[in-house]
Amino acid sequence: MGRSTGLAGPAGAVADTDPVDGAASRVGDPHAVEETASRVGESDPVDEVVDRFRDSDPVDEVVDRSRDSDPVDEVVRRVRDTLEEVFAAVAETGADTAALLTAASGPGREPVAADLAGLRPGLRARLAGHPLVSGVGFVAAPGLLADAPGWLEWWQRGPGGAVRPLLLDLDPEHSAYSDYTHWDWYTLPRETGRRAVAGPYVDYLCSDEYSLTLSEPVGLGGRFVGVAAADVYLRHFEAAVLPVLQRLPAPARLVNARGRVAASTDPDHLAGSLTKGPDFAAVLAGPPAEHRADGLRLRPCGGTPLVLVTTDG
């Protein structure tokens, strides 16, 4: 989770292990207690997902099927299926958060950071049950909690399957990363009220991996209170979608609402670059039909926040 240069770096941030009862992130407390991380297995479960996507539609099968279907439809289906698996974890996290905050709020009672500990069993279960997900959690809107200006209840899968919390110092006097409200994974759901795909970016703190963050807004009584989100390693997303992108007759790329390229077979538009010109946010907000703009064909990917871009020719 982060921005194009990473959510967090060496200044004001700690990544370590912590049990369910420990703090997953502590504002102004860089001396969080280190304890043993839990594990979901010695092998990386994401490899199973990557193999599944690689083997789910062998080339011969796709060629036979493409006689009756547009290859663009194959791309849209693959992108939709890949992202919806991750968005399922995001939606579960959002539902748990809304229920928890509702229970923790009332006359004379505002939620506090300790209340969010109730999310941890579900977050750990999601990391075990959704192999594409490398990190998952809730990011609180400033002012939501009575005892903390900001908070990330965030858990991630480490090497060998270790599940551990992100311990991040959000004290503005010590951390350059105390204000996360301007990063796309936060601003897009807040501004649009819809799901978003942010990145790719280098996640220096969590994994040192090129990653995508999928997020959606969380509301309480009609008020925006933060985002539920999940991280996906870019290499795993590419392993799922590049095989079908490569079967298109022309170079193609997948872009988010900001025009950021999430995956590409176009050497002129690499992953992480920006595609300028079309209003991709408007395309995603409109009907799920193909659009044309600036010599490009723009196809929303099955209700997900990505657009397939090919040349109009």
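In this chain, numbering begins with 1 at the start of the sequence shown.
- Using a 4.5 Å heavy-atom threshold, the side chains of P71 and R247 count as separate.
- Between V79 and L308 there is no side-chain heavy-atom pair separated by less than 4.5 Å.
- Considering OG1 of T97 and CG of L116, their distance stands at 7.0 Å, rounded to 0.5 Å.
- Residues satisfying the side-chain hydrogen bond (donor to acceptor under 3.5 Å, both in side chains) criterion with R126, sequence neighbours excluded, are E92, T93, D96.
- Here the closest non-hydrogen pair linking A240 and T82 is CB-OG1, 3.7 Å.
- Between F138 atom CZ and L123 atom CG the span is 11.0 Å, to the nearest 0.5 Å.
- In plain terms, the two heavy atoms of A228 and V90 that are nearest each other are O-CG1, 3.4 Å.
- Judged by distance alone, with hydrogens and angles left aside, the side-chain atoms of Y186 form no donor-acceptor pair with the main-chain N or O of G226 at under 3.5 Å.
- Think of V261 as one node in a network of Ile, Leu, Val, Met, Phe, Trp and Tyr side chains linked at under 4.5 Å; its network also takes in V255, F280, V283, L284, L296, L298, V307, V309.
- Panel note: side chain H291, backbone A289; a donor-acceptor pair is recorded below 3.5 Å.
- Formation of a donor-acceptor pair under 3.5 Å by the R260 side chain with backbone atoms of G272 is found in this model.
- Looking at every heavy atom in both residues, P243 comes nearest to E238 through CD-O, 3.8 Å.
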message: Between R258 and L188, is the side chain to side chain contact (heavy atoms under 4.5 Å, CB included) condition met? List the steps.
response: CA-CA 9 Å; R258 302 282 200 218; L188 282 168; 3.6 Å; yes
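- Side-chain contact check for L83 versus F237: some heavy-atom pair is nearer than 4.5 Å.
- One finds the CG atom of L242 at 10.5 Å from the CZ atom of R78 (value rounded to the nearest 0.5 Å).
- The environment of CD in Q246 is crowded: more than 12 heavy-atom neighbours from other residues, nucleotides or ligands sit within 6.0 Å.
- Atom NZ of residue K276 and atom NE2 of residue H269 lie 11.5 Å apart, to the nearest 0.5 angstrom.
- At distances below 3.5 Å, at least one donor-acceptor pair connects side-chain atoms of S134 with backbone N or O atoms of D231.
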task: Step by step, work out the side chain to side chain contact (heavy atoms under 4.5 Å, CB included) result for L234 and E209.
output: CA-CA 8 Å; L234 180 64; E209 289 262 4; over 6 Å; no
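- The shortest non-hydrogen separation linking T187 to T181 is CG2-O, 2.8 Å.
- The two residues P111 and D115 come nearest to each other via the heavy atoms CA-OD2, 3.3 Å.
- With hydrogens and angles ignored, the 3.5 Å screen pairs no side-chain donor or acceptor of Y180 with any backbone N or O of W185.
- Here the OG atom belonging to S264 is positioned 8.0 Å from the CG atom belonging to L245, to the nearest 0.5 angstrom.
- A distance-only check finds a donor-acceptor pair linking the side chain of R195 to the backbone of G303 [under 3.5 Å].
- Remark: L270 CG to T265 OG1 distance equals 10.5 Å, nearest 0.5 Å.
- A donor-acceptor pair is defined here as one N or O able to donate and one able to accept, closer than 3.5 Å; no such pair exists between the side chain of D147 and the backbone of V112.
- Heavy atoms only, all atoms of each residue included: A285 and R194 are closest at CB-NH2, 3.5 Å.
- With a 4.5 Å cut-off on side-chain heavy atoms, T213 and Y201 count as touching.
- Contact check for V72 versus T310: no side-chain heavy atoms found under the 4.5 Å cut-off.
- R299 and D70 are not joined by a salt bridge, as no carboxylate oxygen comes within less than 4.0 angstrom of a charged side-chain nitrogen.
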